[in-house]
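Only one structure is covered here, and it is reproduced in the block below.
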2 protein chains.
Amino acid sequence: MNRRITHVAGFDDAPFPRDHRGPVLVVGTVFAGSRLEGVLSTRVRRDGINATERLARSLTGSRHFPQLQAILLQGIAFAGFNVVDLAALHRETGLPVLVVARRPPDLAAIRRALLEHVPGGLRKWRLIEAAGPMEPIAGVQVQRQGLDPEDARMLVEALQIHGKLPEPLRTAHLIAGGIATGESRHRP
Amino acid sequence: MNRRITHVAGFDDAPFPRDHRGPVLVVGTVFAGSRLEGVLSTRVRRDGINATERLARSLTGSRHFPQLQAILLQGIAFAGFNVVDLAALHRETGLPVLVVARRPPDLAAIRRALLEHVPGGLRKWRLIEAAGPMEPIAGVQVQRQGLDPEDARMLVEALQIHGKLPEPLRTAHLIAGGIATGESRHRP
């Protein structure tokens with residue numbers, strides 16, 4: 001990669017009650033460097049299969065899309081087990097995709113839940129496997145699609161403005177929680 | 001005032017269709033200096049009279065309230081003509097309140113609309129009159145409650161990070177638009 005990545009979108013989902021069914025708010029932030037440029041929102045079905053398509057559409061339909069250089073996701077699944085197909089999101093947007101988490105996920109528990117309790121869980125587990133292992137980068141856990149490890153590290157470090165979580169994800173998390181519950185709480 | 005104001009909340013309302021009736025989303029941001037600390041949300045009735053109470057409750061019920069030092073509002077009315085009682089908001093929160101607008105409002109048109117078309121419009125017009133004239137401060141128009149002109153100027157200038165609109169209001173505007181319509185648009 002020859003240019004620095006400065007225009008980035010970051011997505012997180014809103015909290016929801018345990019018995020909630022149906023759509024869940026997903027918030028996207030668009031940053032140019034450390035400046036918040038715009039806010040996107042969409043909804044994905046709890047435990048559904050439409051997260052990839054909804055994220056792709058939210059991005060490609062946005063006036064920010066022509067400037068965007070990378071996509072960050074707070075975890076590979078939104079609204080419970082609505083697992084994102086990283087390869088498809090990368091292909092449909094033409095942008096590198098980074099999944100970021102503070103801690104390594106408990107893959108054994110996720111696999112068990114998917115295979116035993118979630119309709120279509122095997123296909124979702126395959127998407128998680130296809131995303132590859134999480135790698136420790138700059139103090140967080142990262143899965144990469146379309147970006148080499150060194151560029152991923154530079155991108156994450158450039159966006160660690162107020163803590164280890166990249167600022168687009170920290171901001172998306174605060175917005176999603178604040179809109180869904182009236183007040184944002186806790187760090188992601 | 002002996003201390004610098006660093007912890008500030010800023011509120012803006014979401015856009016709504018012309019024929020919309022009922023509640024309208026209002027978004028609050030909480031900043032510590034240039035860092036977004038939290039997001040609040042509430043709803044106020046289109047052309048209603050509950051904005052003051054909803055803003056006060058959103059603030060005093062928030063875990064950020066003990067640190068807060070000032071309130072910024074993007075205009076004195078939310079959701080159409082739901083006019084904020086600045087003196088009451090100041091009294092109920094104990095915090096100074098600043099109304100900020102890019103341009104001077106057309107008071108003659110507002111007065112006419114209130115008195116001719118809005119139920120309870122005379123009382124709302126009295127609230128606008130009681131808020132006093134807008135003053136040009138640091139390139140924006142400001143109404144003050146509980147803050148002298150020099151402290152108001154210092155506060156606005158300290159928060160003009162990405163343009164003339166103080167960052168808590170710029171951010172609240174982007175969030176409110178992005179959540180209500182799927183994508184934030186235009187500057188406030």
Side-chain angles (χ1 to χ4, degrees), chain A residues 9-15 23-44 54-55 57-66 68 160-163 165-188, chain B residues 9-15 23-44 54-55 57-66 68 160-163 165-188:
Chain A
F11 287 90
D12 197 4
D13 55 357
V24 172
L25 177 68
V26 172
V27 173
T29 61
V30 176
F31 275 76
S34 63
R35 172 189 158 109
L36 177 66
E37 288 279 313
V39 174
L40 307 174
S41 66
T42 185
R43 287 172 188 275
V44 308
R54 290 297 170 94
L55 292 175
R57 193 150 38 130
S58 174
L59 287 162
T60 58
S62 156
R63 74 197 153 97
H64 301 287
F65 185 63
L68 278 179
Q160 290 178 321
I161 298 166
H162 297 298
L165 205 67
E167 193 63 9
L169 293 179
R170 195 185 74 85
T171 302
H173 177 81
L174 290 176
I175 297 170
I179 297 299
T181 69
E183 175 170 4
S184 52
R185 287 184 187 283
H186 311 306
R187 66 186 209 171
Chain B
F11 287 90
D12 197 4
D13 55 357
V24 172
L25 176 68
V26 173
V27 173
T29 60
V30 177
F31 275 76
S34 63
R35 174 189 155 109
L36 177 66
E37 288 278 314
V39 174
L40 308 174
S41 67
T42 185
R43 285 172 189 276
V44 308
R54 289 299 171 93
L55 292 175
R57 189 145 44 124
S58 175
L59 287 162
T60 59
S62 156
R63 73 197 155 95
H64 301 288
F65 185 62
L68 278 179
Q160 290 178 322
I161 298 167
H162 297 297
L165 204 66
E167 194 63 10
L169 294 179
R170 196 185 73 87
T171 302
H173 176 80
L174 290 176
I175 296 171
I179 297 298
T181 68
E183 175 168 7
S184 52
R185 287 186 186 281
H186 312 306
R187 64 185 210 171

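The sequence lines fix the lettering, A, B, ..., with proteins before strands; numbering per chain opens at 1.
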>> Measuring only between side-chain heavy atoms, which start at C-beta, is Leu36(B) closer than 4.5 Å to His162(A)?
In response: no

>> What I'd like to find out is whether the side chain of Ile175(B) reaches to under 4.5 Å of the side chain of Ile179(A), using heavy atoms alone.
In response: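 They are in contact (side-chain heavy atoms under 4.5 Å apart), so the answer is yes.
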
>> With a 3.5 Å distance limit and no angle check, can you tell me whether Ser184(A) reaches the backbone of Gly38(B) through a side-chain donor-acceptor pair?
In response: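 Checked: no pair found.
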
>> Heavy-atom cut-off 4.5 Å, strictly under: side chain, backbone, both or neither for Glu167(A) against chain B?
In response: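 Glu167(A) has no heavy atom closer than 4.5 Å to chain B.
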
> Of all residues at least two apart in sequence or in a different chain, which pass the salt bridge (charged side-chain N to carboxylate O under 4.0 Å, His left out) check with Glu183(A)?
Replying inline: Arg185(A), Arg63(B)

> Do you know which of Gly61(B), Ala176(B), Gly28(B), Ser41(B) has the most heavy-atom pairs with chain A at a distance under 4.5 angstrom?
Replying inline: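 Sorted descending by pairs with chain A, the first entry is Ser41(B).
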
> Atom OG1 in Thr29(A), atom CG in Leu174(B): separation rounded to 0.5 Å?
Replying inline: 10.5 Å

> Side chain, backbone, both or neither: which part of Ser62(B) has a heavy atom under 4.5 Å from chain A?
Replying inline: both

